[in-house]
Amino acid sequence: MADGYRLYSAEGSGGVAVEAALTLIGAPFEVIEAVSFEDDAPPDGEAVAKVNPMRQVPALVLASGEVMTESAAILIRLGELHPRAGLAPGPDDPRRSAFLRWMAYVSSAIYAHYWLKDDPFRLVPDAGQHAAINQNIEDRIADCWRAMEAQTRPGRYILGDELTMLDLYVTVVSRFRPRRQRFGEAAPRLAEVARRVDSDPRLAALWAERYPFVDGWDRLPA
Ligand SMILES: N[C@@H](CCC(=O)N[C@@H](CS)C(=O)NCC(=O)O)C(=O)O
């Protein structure tokens, strides 16, 4: 796509946050399905390897041909490149510090865990330890959501009443395992924002196709 973006992404991945951003921006983009998580096997990143040696999605090819990886950086940059969409508070915006802080936090404190969680063999050869690793990672992720909840004061959206890239990012990353139930227990106000973004009519088709919401994900225990 000569005048648009080429996005290496995958269904049910963090790349869907970038797909959501490009959808709201209204920019032309082509998606290349690039990492397979089929059958709970370790992710296969063969298709993305030629643009991202880390074999991870999202990887965004800009119209210039330059490649960007790192979901938070991609979202922030798209916000800068398309300021009229109003999705990324600019340098003089009072929300700017919180915006940058929580974008980096979701990436480093939460999303980064999935490299091990998706395939514990990467660090621990003994499969007998994997259930405990998984549990500990999920506990840590819940703690991180809880800490974010305690330090933010969402309005309709996390930084106030306007939707930003941060809302898209949290909405997608909170769909990762252990899914929304644990997220909702740890961070009920953030979960309310995520539900608002889930039901944004501009994104309904995208969510249904790229990250279908499974009934019961956000059901809290009775
Ligand atoms: N730091 C990267 C992490 C991206 C990432 O972990 N992507 C997952 C999909 S949600 C992936 O490609 N996993 C395959 C792998 O790590 O081998 C980012 O924020 O974009």
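Whatever order the structure lists ligands and atoms in, that order sets their numbers, starting from 1.
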Identify the protein heavy atom lying closest to [atom], giving its residue, its atom name and the separation to 0.1 Å.
atom	answer
atom 3 (C) of ligand 1	Q56 OE1, 3.5 Å
atom 1 (N) of ligand 1	E70 OE1, 2.6 Å
atom 7 (N) of ligand 1	V57 O, 2.7 Å
atom 14 (C) of ligand 1	P43 CB, 3.6 Å
atom 10 (S) of ligand 1	Y111 OH, 2.9 Å

*Indicate whether the side chain of Q135 and that of R140 have a donor and an acceptor atom separated by less than 3.5 Å.*
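Judged by distance alone, the side chains do not pair up.
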_Donor on one side chain, acceptor on other, Y157 and T164, under 3.5 Å_ =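 Side chains of Y157 and T164: no pair found under 3.5 Å.
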*Quick one: does R146's side chain get under 4.5 Å of E185's, heavy atoms only?*
no
*F37 side chain near E11 side chain, heavy-atom distance below 4.5 Å*: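 No, side chains not in contact.
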*Lys/Arg cation over aromatic W145: R182, 6.0 Å, 45° cone*: no
Is it the side chain, the backbone, both or neither of [X] that has a heavy atom closer than 4.0 Å to ligand 1?
X	answer
Y114	neither
M54	neither
S71	both
R122	side chain

Is [X] close to ligand 1, meaning an N/O of one under 3.5 Å from an N/O of the other?
X	answer
D118	no
S13	no
A72	no

*Might you confirm whether atom CD of Q151 has over 12 heavy atoms from other residues, nucleotides or ligands at distances under 6.0 Å?*
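Yes, CD of Q151 has more than 12 neighbouring heavy atoms, counting only those of other groups under 6.0 Å.
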_Tell me if the CZ atom of R96 is crowded by more than 12 foreign heavy atoms within 6.0 Å._
yes
*Residue that, paired with Y8, satisfies side chain to side chain contact (heavy atoms under 4.5 Å, CB included) out of N52, V35, V61, V31*: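 With Y8 as partner, N52, V35, V61, V31 yield a single side chain to side chain contact (heavy atoms under 4.5 Å, CB included), made by V61.
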_Can you tell me how far apart CZ (R195) and CG (D200) are? Round to the nearest 0.5 Å._
15.5 Å
Suppose I only count heavy atoms of [X] and a 4.0 Å limit; which atoms of ligand 1 are within that range?
X	answer
W115	16 (O)
G14	10 (S)
F37	9 (C)
P58	20 (O)

_Cluster link L100 to L81, ILVMFWY, side chain under 4.5 Å_ =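 Yes, L100 and L81 fall within the same hydrophobic cluster.
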